[in-house]
Amino acid sequence: MRTGRFLALSFAVILVFSSLAIAQLKNPDTIVIATIGDVSTLDPHFSYDTASGEIIYNVYENLIAYKGESLTEFVPLLATEVPSFENGLIKDGGKTYIFPIRKGVKFHNGYELTPEDVAYSFKRCMILDRSGGPSWMLLDPLLGYESIKDLVRDKLKVPSWEDLFTQDGKLKPEYEKGMREIYEMIDRAVEVQDDKVVFRLVKPYPPFLNILAQGAGWSAIVSKKWCVEQGDWPGTPDEWWKYHDPQKEKDPLYEKMNGTGPFKLVEWKKGEYVKLERNEAYWREPAKIRQVVIRRVDEWATRRMLLEKGDADAVYVPRQYLPQIEKMKGIRIIRGLPTLAIEVVLFNFNIRVEGNAYIGSGKLDGEGIPSDFFSDVHVRKGFCYLFDWDTYIKEVWNGEALQPTGIVPKGLLGYDPNGPKYSFNMEKAKEEFMKAWNGEVWNKGFKFTILYNAGNEERRIAAEMLARNARKLNPKFKIEVRGVQWSTYLSDLTKGNLPLFIMGWLADYPDPHNFVQPFLGSKGAFMAYQGRNAVDLAKIEFDPLIEKAMEIVDPKDREKIYFEIQRKEFEHAPHILLYQAMGVHVSRTWIKGWYYNPMRPGGDFYSLYKSAD
Amino acid sequence: MGFSWVLKGLFKSPTSVLGVCLVLFFSIIALFAPWIAPPEYPDEPYLLPKAGWSAEPSPPSAEHPFGTTEGQYDIFYGIVWGARTAFKVGLITVGFSALIGIVVGSISGYFGGWVDEVIMRVTDIFMAFPFLVAAMVLTTILGKGLDKIMIALITFGWMGYARLIRGSFLAAKEELYVLAAKAIGVSDLSIIFKHILPNTIYPVIIQASMSMGSMVVSASALSFLGIGAPEGYADWGQMISYARNWIVGAPGDALKYWYTFFYPGGAIVLFVLGWNLLGDALRDILDPKLRGPRGAR
Amino acid sequence: MSRLLEVLGLKTYFFMEAGIGKAVDGISFYIDEGEVFGLVGESGCGKSVTALSIMRLIPPPGRIVEGKVIFEGEDLLKKTSEEMRDIRGKKISMIFQEPMVALNPVYTIGFQIAEAIIVHYPDVSWDEAWERAVKMLERVGIPNPRRRAEEYPYQMSGGMRQRAMIAMAMINNPRLLIADEPTTALDVTIQAQILELMDELKREFKTSILFITHDLGVIAEVSDRVGVMYGGKIVEMGDVFSIFDEPLHPYTYGLLSSLPKLNEEGKNRLYAIPGVVPDLLAFPEGCRFRDRCSCAFLKCEDDPPMIEVKEGHWVSCWRYAEDV
Amino acid sequence: MLAYIVRRLLILPFILIGVTFLVFFMMQFLDPVQRLAAYIKSPEELKNLSSEDIERLIKRYGLDRPLWVQYLEWVKKIVHLDLGWSEVAHQPVKDAILSRFPATLELALFAVFPVIWVGIWLGVISAVHRDRLLDQVIRVFAIIGWSLPSFVFGIFILFILYGVLGLFPPGRLSLWAQAVVSSQEFKSYTGLLVIDGILNGRFDVALDALRHLVGPIITLSYLWWAFILRITRSSMLEALNKEYITTARAKGVPERLVIHRHAKRNALIPVVTVAGMMVLGLLGGVVITETIFDYPGIGRLAATASQQLDYPLILGITLFYGFLLVVGNLIVDVLYAIIDPRVRLE
């Protein structure tokens, strides 16, 4: 019986102490954010994801930034002026950009910012150019190639980057000269002139200022001296190739930060939280908030309770759970925020056949589909008519998403609110399927599998909707929807096994080119997965228009071309445009000063402060 | 120890009666699932019918007596067919683990010597994995699907039986009846099957009935972690994972979505409880060490 | 000599699912001060249950349903459990057949003996109790008792353990010692030593002994009087000489005939009682031995009365009933 | 005894080799691109990745080499105590494990106490009252706990303790306490925050750490009680049937002491093994409880590692657990010998 008494006693003690800990406005000078994002690196030139971008945005700074909520107006940051044709800082028909550099700005470690640091930063980003990284945004306008590897392959006539080196990783002597020439190209592209930095583009590039304003990393300014101290590229042509495409964890800036921004990195507790602290020596007013903690909490129920108790000031809320917090006291929900992201179902025009378990028999015999099943435009259109946008957006998104009218999302130049779009129509779908493959599809039916990576609800439901509607249209249309591990999905996607797959795209910079190129350009990010026939189609139908649109400076003229591209997109239906979601921001009402900019990766902590209502 | 004697023992205490009833109850549901909840497409009966696309669960109604989960899967249908899934997972994993365990343990225990040494060290290796983590790794590698879960659970679930059988063997080997059988030249296999196994099988039966529950829980844990049954499959673990994000309810109405959690949670708890009570009762009946003095039960 | 213990009509039944097991079914006997009373019978005849009934240590589902156990003039069955506890180990103590399992394996011998003192005399300090334990060990003939007291039961031989067991039982100088097959598990030579030790102690401490065994040879050696048990009843009782010289009950007779006799040159085959002791639930009505008895007759279907054939020599058999 | 310890330790490398080889063997079911999933963790990371880049990454991490080569490479690094890099944890595998182990250890230490103590307590009561109402109630109570999946009960407890009562938050420390702990003045002696807090004289920190432990402890306790309880009960029943119990009663030992001194001590011997297994299980990380309570321990790490197939980390954790298991079992054996004098000389 003694045990029982002791237990009761100790429980009572704990109860008393814990009830003391409840307070109203918690942590008045700290902002706590609970989210699911996994920060993957702190090197601004390596990072290409929003979770890392949010940290980088608040610690590092760019030359310029977006002005408040605008996507077209800029304010100077580490530059003292935003270049324009009017002030003469953009010259040569848009091929030269000049930035006067601010004086008296200090990095967090006390080093002073110099124009040399600015030039070093951009060159470092270009040289680093990691596989799958963001450096292409600088390389394309400044060097005319999307990657250093492409450039080297083209200039030095080698089949691949690896061929430049001997077994033990040394550069083969015959390439030494060529590599130095390539460095000179990089070096010439960004140059220091007195207290200015000059960018020389190979062609006019309408979104160039957007690229420099994007705060997620690639245009962030680092301290050259500090980087060199960390063992990074010394800023010389010697062996620059050693600093190209580093392994993430061997990158000297992987977990260290030294920016000029309003916050300093205190601690990155891997997988748990990142803690930032106010930079008291900031060149503007120091931030109002002393500390920011970004916690990773994967479990929604836990995040919700943290928010409810005020232990977190803002949390990530998956769309489907919004009803749970709508009536919560002290919570602000801001809806309908336009995002520059679009979700698309892509058809694979040439499905790989060998060892592919997802296309049944591999023949059009009712028990499978042939490799080029989706090469027939009527099949593609048939599927487009099978998707029920109204129900999907109403039920899955609570109405907070748009049906796209083309690949260019709302909010960007080239968005055509009156453009043609597909709608859910079983009759028309039947019509198209009856035309497809000379009527064989309708008579024999088909069977295949749609994969989605497990855990992604929106994609699952979209796939299920297609499958269930198809079966309703014709019982011989059998589609299995299967959630798989990401590893399986990745492998089958890259092998070309998936008959159709769902992908999303988030803008790197707010320009239609950033949507048209990846989805419709023959060299776009997704065409490779859509098969040879799709690439051929893009080459003929889309490439000429896409190139033309980038050579024109006048927005009106550009818009017309983008309208035309999207009409062709409707006609050929290379994909089903699922939705453009509206963003939601959820925070405690005691958080003040929040504003929205769709291009910003996460919060701008400099603007935030806390006060009770 | 006759069968009827075991039966009699089972109806001795109220808890074991409860266990038997629960197991019987779920057996009936599983057996008559096609009549209790007729499937929409008879060719894929385990696919949960979907009443809509909305994320928010809807409360019990005439059409959906237990309500629907997130994504509008019918809970009643899921509970009924999930009983089949549970039996399938439980019986297959337990059956195969026990079978492998018996074979391995018999070989190890009967032959002894270096055979025993090697087999026991291999067993040690398998036991050196944390069970759930090992099953997770293997399921992730094999891919989503009930069959994959079962393979993973069997792969890391047989060692207990092997050790049990081996231990009984070592004890039984010294018994006179085995020595006698050996002495008159009975073959190894027939000694194992006719003389030793029947005398060592009781602990295995106890262990098996106890692990029915834990295997089903492990399988649902994998589903809960998102690497288990395929999407929309009638599986209690998956249904709980559908409820996972709704259990906290809405502000001011903490129990708003109670049905998403209550029915699948209740089903799995009762199912496991049934087997555990049954196992417990069997243990009391069959384990001689626990029997009271002078057959006092 | 005065009566130390008198058992009157004791019935101890086991209430099991399959029925009621009448392990002890109305037995009566007495033990005088300084006397050794032997209780003999095959295993399962109720000897041990009788002993445990006197101690009131019958485990469930067993229960004493009837009778009296008068010890020093008071009925033990009417004592409260706390009073009874104080009698156990102090006035009546017990030793068991298998000292290996009867001694707690995780405590030292010294501890277990000293504990027997402390539970009855809480005022005695542990050191003092320990000293007495060591002395007692020495008294029961354990060499090097101080070291032995620190040892665990498994470190001792069977004979040593039984000596330790006896030391534990005798430590509080009890009036009655119940010895339940104390020598059965021991080698014959050790057996003799233990019996001798018990005999010495009996004289020294003036303790009465209830000696339970199935071994007639041992009974003959130690007892003053003997009771023969079969199927939960005492079938014959008397002083050791009359029992051995003129056994009256067919069962006693059978038991004695099954003893090998050295003086008959071992030529005759040993006599064996036909059949086996039946299960506790399967005894026949009436005389319980009648199924195995060679001279059973119709009357044996009724319960036989206890008949005093000679002074102090009782038998429960219809053959000696006067009216037959 | 010493020989026994040495013999068991000699088995250790064998187990570790076997365990890790088994992991490598399992990885053979994957093709190189699937193995790459540990490095390309989401569709978003595919954004600008060409198939050529994918080939390059596969080469870089040596994912296309044959099993033996990969294994030997790995072993070579292990010899230099280099467990490799974990992409999931964003840090070297060794650091990832070592930084989370104290959290798991702390949870295990605090959970073990109530689990074993209460489990034994209830088990003894249950055995003493065998088949009576109290026994039935305790057993049903325990068996319900045993039947509750941790993901059902854990969420429920979190909901009650934090969601409804607002008392015991998830995580390991409150913000202010985290700031204290990561400050310069706070010295880390053990990595166990409750103990470190006390050693630093910051009782508020210790209390805060304790507060965060309540939820996981209650969850674990209820789920594991049954485990200890049933073994205690059955070995207690066995002990109570032993003749030495009759001996003790026959010498007049009061019933309380008969149970707690004579029967319990003997009954606890098998409990030690089970409790040892339980502690090892807890130290290996409690995947689901840690996930639900957002507790940064080994279990959550293992869950993420296996879901994302971060095989260097999986290998590291298996190695760690194998080591723990062998050494832990050894300690249990030694403890066993201390409790049961019969084992000592063998």
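Lettering of chains follows the sequences in order, A, B, ..., and the numbering in each one begins at 1.
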Any residue of residues 16-26 of chain D which, by heavy atoms, sits under 4.5 Å from chain B: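 The list, in residue order, reads D:Gly18, D:Val19, D:Leu22, D:Val23, D:Met26.
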
Members of residues 141-149 of chain D whose heavy atoms come closer than 4.5 Å to chain B: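 Only D:Ile143, D:Ile144, D:Trp146, D:Ser147, D:Leu148, D:Pro149 of residues 141-149 of chain D have a heavy atom under 4.5 Å from chain B.
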
[X] versus chain D, heavy atoms under 4.5 Å apart: side chain, backbone, both or neither?
X	value
B:Phe129	both
B:Leu132	side chain
B:Phe261	side chain
B:Leu18	neither

Can you name the nearest heavy-atom pair linking D:Tyr321 to B:Ala128, along with the distance? CD2-O, 2.8 Å

To the nearest 0.5 Å, tell me how far [X] [atom1] sits from [Y] [atom2].
X	Y	atom1	atom2	answer
B:Ile240	D:Phe151	CD1	CZ	4.5 Å
D:Thr318	B:Ile125	OG1	CD1	12.5 Å
B:Asp280	D:Arg230	CG	CZ	4.0 Å

Quick check on [X] against chain B: is it the side chain, the backbone, both or neither that has a heavy atom closer than 4.5 Å?
X	value
D:Thr291	side chain
D:Ile11	side chain
D:Val140	side chain

Walk me through it: do D:Val287 and B:Met136 pass the test side-chain contact (heavy atoms from CB on, under 4.5 Å)? CA-CA 10 Å; D:Val287 176; B:Met136 270 166 74; 4.2 Å; yes

Among B:Val272, B:Val122, B:Ile141, which residue has the highest count of heavy-atom pairs closer than 4.5 Å to chain D?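 The option with the most such pairs is B:Ile141.
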
If you look only at pairs with a residue in residues 302-312 of chain D, which of them pass as a side-chain hydrogen bond (donor to acceptor under 3.5 Å, both in side chains), with sequence neighbours excluded?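 Output for this query lists D:Ser86-D:Asp310.
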
Can you check whether anything in residues 208-220 of chain B gets within less than 4.5 Å of chain D, heavy-atom wise, and list it by number? B:Met210, B:Val217, B:Ser220

Are there more than 12 heavy atoms of other residues, nucleotides or ligands under 6.0 Å from atom CZ of B:Phe126? yes

Taking D:Leu240, D:Leu30, D:Ile317, D:Asn329 one by one, which has the highest count of heavy-atom pairs under 4.5 Å against chain B?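 Looking at each option in turn, the highest pair count goes to D:Leu30.
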
